[in-house]
Amino acid sequence: MNRRKMMKLLGLTPVVAALPSLAMAEKKADKKEAKKAAGKPANVLGEDEPLAKAMQYKHDASKAPAMRTNKKAFCHNCAKYNVCSPADKACKPLSADKVKTEAHGPCQIFPNKVVAKEGWCLSWQAKA
C-alpha cells in the first residue's frame, strides 16, 4: 500500500468510527419520542386548529387570555369536560378514578378530540 492510499484510509477512520455512535444517538432520540407519544393520546386538540382558535383554547390555563378572570377555571372542573357530544359515537367518558390520573379527557365542545386537563377555553363553565 502506498502512502497516498494509507492517508486516504486514515482520513476516513474518524468518520467510520463515529458512525456507530451516531446510530446509537438516533435510536435514543427515537426512544424518547416514542416514550413521549405513548403517554399522549393521538387525538389531542391542537391550539392551532380552527375551532380551538375560535374558542381561544390553551393547553395551559395560565397562558389563557386576560378574560380568564377565574383563576380556578380549568378544563377538569368545567361542566363540559369528560362529556361526549351526541355526534361523537366513538367517545367514551373517563371513569371517576381515571379523571384524577389522566392528563387529557374528552370535551363536549370539541368532538373526536381530547383536551388537556389543565387547559381552558372561552366556553368554560363551572361544574354544578
Side-chain angles (χ1 to χ4, degrees):
M1 186 180 286
N2 65 24
R3 185 170 183 226
R4 176 173 221 134
K5 285 183 182 179
M6 181 63 90
M7 294 305 280
K8 282 185 178 181
L9 184 64
L10 289 175
L12 291 176
T13 302
V15 174
V16 173
L19 288 177
S21 61
L22 289 173
M24 299 257 311
E26 192 173 311
K27 281 183 183 179
K28 283 182 183 179
D30 288 345
K31 282 182 182 179
K32 281 184 182 179
E33 286 299 316
K35 203 173 196 180
K36 275 186 190 177
K40 197 174 193 180
N43 59 339
V44 173
L45 179 69
E47 290 181 359
D48 57 339
E49 293 183 36
L51 184 55
K53 280 184 179 178
M55 300 303 284
Q56 297 184 13
Y57 170 76
K58 298 290 179 194
H59 294 298
D60 181 0
S62 67
K63 295 178 181 163
M67 63 184 64
R68 178 187 175 244
T69 55
N70 182 347
K71 297 302 174 193
K72 295 180 181 176
F74 294 96
C75 287
H76 66 84
N77 59 12
C78 176
K80 295 168 178 75
Y81 182 75
N82 202 34
V83 178
C84 300
S85 69
D88 193 359
K89 303 295 182 203
C91 179
K92 291 183 176 64
L94 301 171
S95 63
D97 59 321
K98 286 272 190 186
V99 168
K100 294 175 186 171
T101 59
E102 294 293 317
H104 297 86
C107 177
Q108 188 175 13
I109 304 302
F110 306 104
N112 302 313
K113 296 288 183 178
V114 293
V115 296
K117 183 179 184 175
E118 300 298 318
W120 180 87
C121 83
L122 279 175
S123 68
W124 182 85
Q125 179 182 12
K127 286 186 177 178

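Atoms considered below: every heavy atom in the structure, side chains included; atoms not considered: hydrogens, waters and symmetry mates.
Counting all heavy atoms, side chain and backbone alike, Val115 lies closest to Cys75 at CG2-SG, 4.0 Å. What you find for Met67 and Trp120 is that their closest heavy atoms are CG-CH2, 3.9 Å. What you find for His59 and Val44 is that their closest heavy atoms are CE1-CG1, 4.1 Å. Minimum heavy-atom separation, Ser123 to Ile109: OG-CG1, 3.4 Å. The nearest pair of heavy atoms linking Glu47 to Ala52 is O-CB, 3.9 Å. Taking each heavy atom of Lys100 and Lys117 in turn, the nearest pair found is O-NZ, 2.6 Å.
With hydrogens and angles disregarded, a donor-acceptor distance shorter than 3.5 Å links the side chain of Lys127 to the backbone of His76. At least one donor-acceptor pair closer than 3.5 Å links the side chain of Asn77 to the backbone N or O of Phe74. Using a distance-only test at 3.5 Å, with no hydrogens or angles considered, no donor-acceptor pair links the side chain of Asn82 to the main chain of Gly105. Using modelled atom types, one side-chain atom of Arg68 and one backbone atom of Ala61 make a donor-acceptor pair closer than 3.5 Å. Lys92 places no side-chain N or O within 3.5 Å of a backbone atom of Lys89 that could act as its donor or acceptor partner.
Under the 4.5 Å side-chain heavy-atom criterion for Ile, Leu, Val, Met, Phe, Trp and Tyr, Val83 and Leu122 are members of distinct hydrophobic clusters.
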Verify disulfide bond (SG atoms under 2.5 Å apart) between Cys91 and Cys84, making sure each step is shown before the conclusion. CA-CA 6 Å; Cys91 179; Cys84 300; 1.9 Å; yes

For side-chain contact (heavy atoms from CB on, under 4.5 Å), just list the numbers for Glu49 and Phe110, CA-CA rounded to whole Å, side-chain angles, deciding distance to a tenth of an Å, and then say yes or no. CA-CA 11 Å; Glu49 293 183 36; Phe110 306 104; over 6 Å; no

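Considering only heavy atoms from C-beta on, Leu51 stays 4.5 Å or farther from Tyr57 through its side chain.
Annotation: the span from Lys58 atom NZ to Cys121 atom SG amounts to 12.0 Å, rounded to 0.5 Å.
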